[in-house]
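Let me begin by presenting the structure, written as structure tokens, before commenting on it.
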Amino acid sequence: MRIAELGRTCGASTPAIKHHIREGLLPAGRLTSSDQARHTEDHAHRLRLVRAPLELGGLSVAKVRAIVAVLDDEAGSPSRGRPVVGLDAREVVASPAPQDGSLANLAAAPGTLAMVDALTERRGWHAPSDGAEFARVVKIPDALGELDPHHFADPLDAYAEAAERAAAADTELLHSAVGGTGPAERSVVAAVLGDELLSALRRLTRSTGTAGTTG
């Protein structure tokens, strides 16, 4: 298909497609003349894939380019069977975390550290307290506690339970084989669109006045 047809298929303008090609997010089509190129369904799939984190997930072009590199690495080396490629994709999507969690935690209130540590123990989460993910979690309730130290800690377990369910859905998606997509691509979908879907569903629940009414 020509670039105009690719745009109609995916709901993207020709200038936007050309921009994605220039930025290295989308491979160029096969040239059929000096000013014409043919594109395949693979181009359409990749275009939809890069537009999702850009437009729905709010990721930068640089971050999506890094995601594309992980996806291309998976596609180019299927014989290596790298089991961590899906984890690589999730790390690319994740927001920046402190490089040294132990140093980041020094700035947190001792009570916050103890609270998060107790949470991980209650939930059976084997997360090192000097790890980057632990530090990322500590940072948020620490900031919230400065605003209102008496209330923000109360629903922490409820948030943790919701996170466990969301993570379980991510894992199910990661290990599914629907559509023949690879684990890295499924990781991107789970990390970007899963987070956005969870946030949108929470806002929808608030707007309908049904929050906390299920039982």
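Keep in mind that what you see is a predicted model, and the values were worked out from it rather than measured. Note that the numbering runs from 1 along the sequence shown for the chain.
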* Structure fact -> Closest non-hydrogen contact found for Met1 with Glu5 is CB-OE1, 3.3 Å

* side-chain hydrogen bond (donor to acceptor under 3.5 Å, both in side chains): pairs with one or both residues in residues 116-125, sequence neighbours excluded -> Arg122-Asp157, Arg123-Asp157, Arg123-Glu164, Trp125-Glu164

* **Under 3.5 Å: donor-acceptor pair, side chain of Asp142, backbone of Ala109** => yes

* **Atom of Ala12, atom of Ile17 and distance for their closest heavy-atom approach** => CB-CG1, 4.1 Å

* Give the minimum heavy-atom separation between Leu198 and Ala166, together with the two atoms involved. => CD2-CB, 4.0 Å

* Asked: Which is it for Leu26 and Val68 under the side chain to side chain contact (heavy atoms under 4.5 Å, CB included) test, yes or no, and what are the steps along the way?
  -> CA-CA 8 Å; Leu26 183 70; Val68 166; over 6 Å; no

* **Test salt bridge (charged side-chain N to carboxylate O under 4.0 Å, His left out) applied to Glu23 - qualifying residues, sequence neighbours left out** => Arg65

* Asked: How far does CD1 of Ile140 sit from OG1 of Thr112, to the nearest 0.5 angstrom?
  -> 12.0 Å

* Structure fact -> Here the side-chain hydrogen bond (donor to acceptor under 3.5 Å, both in side chains) pairs for residues 24-33, sequence neighbours left out, are Ser33-Asp35

* Asked: Going by atom types alone, do Arg203 and Ser207 pair a side-chain donor with an acceptor below 3.5 Å?
  -> no

* To do: Look at the side chain of Ser199 and the backbone N and O of Asp195, then say whether any donor-acceptor pair between them is shorter than 3.5 Å.
  => no

* Could you grab the distance from atom CG of Leu201 to atom CD of Glu196, nearest 0.5 Å is fine? => 11.0 Å

* Would you please test Tyr159 and Val137 for side chain to side chain contact (heavy atoms under 4.5 Å, CB included) and show each step? => CA-CA 12 Å; Tyr159 281 116; Val137 172; over 6 Å; no

* Might you point out which heavy atoms bring Val116 and Pro141 nearest each other, and give the distance in Å? => CG2-CG, 4.1 Å

* Asked: Considering all heavy atoms of both residues, which atom of Leu47 and which atom of Cys10 are nearest to each other, and what is their separation?
  -> CD2-CB, 3.6 Å

* With sequence neighbours excluded, residues passing salt bridge (charged side-chain N to carboxylate O under 4.0 Å, His left out) with Arg165 -> Glu161

* Partners meeting side chain to side chain contact (heavy atoms under 4.5 Å, CB included) with Ala52 (sequence neighbours left out) -> Leu193

* So do Leu71 and Arg46 actually touch side chain to side chain, heavy atoms under 4.5 Å? -> yes

* Asked: Quick one: CG on Leu49 to CG on Asp42, what's the gap to the nearest 0.5 Å?
  -> 12.0 Å

* Structure fact -> Those residues at least two apart in sequence (or on a different chain) that pass ring pair (Phe, Tyr, Trp, His ring centres under 6.0 Å) with His20 are none

* Asked: Under a 4.0 Å N-O cut-off, is there an ion pair linking Arg136 with Glu133?
  -> yes

* Taking all atoms of both residues into account, what is the closest heavy-atom pair of Leu25 and Val50, and its distance? -> O-CG1, 3.5 Å

* Would you check, one step at a time, whether the test side chain to side chain contact (heavy atoms under 4.5 Å, CB included) holds for Thr9 with His39? => CA-CA 11 Å; Thr9 300; His39 303 83; over 6 Å; no

* Asked: Is there a side-chain contact between Leu6 and Arg2 (heavy atoms, below 4.5 Å)?
  -> no

* Would you check if Pro53 and Lys63 make a side-chain contact, meaning some heavy-atom pair closer than 4.5 Å? => no

* Could you grab the distance from atom CZ of Arg48 to atom CZ of Arg51, nearest 0.5 Å is fine? => 9.5 Å

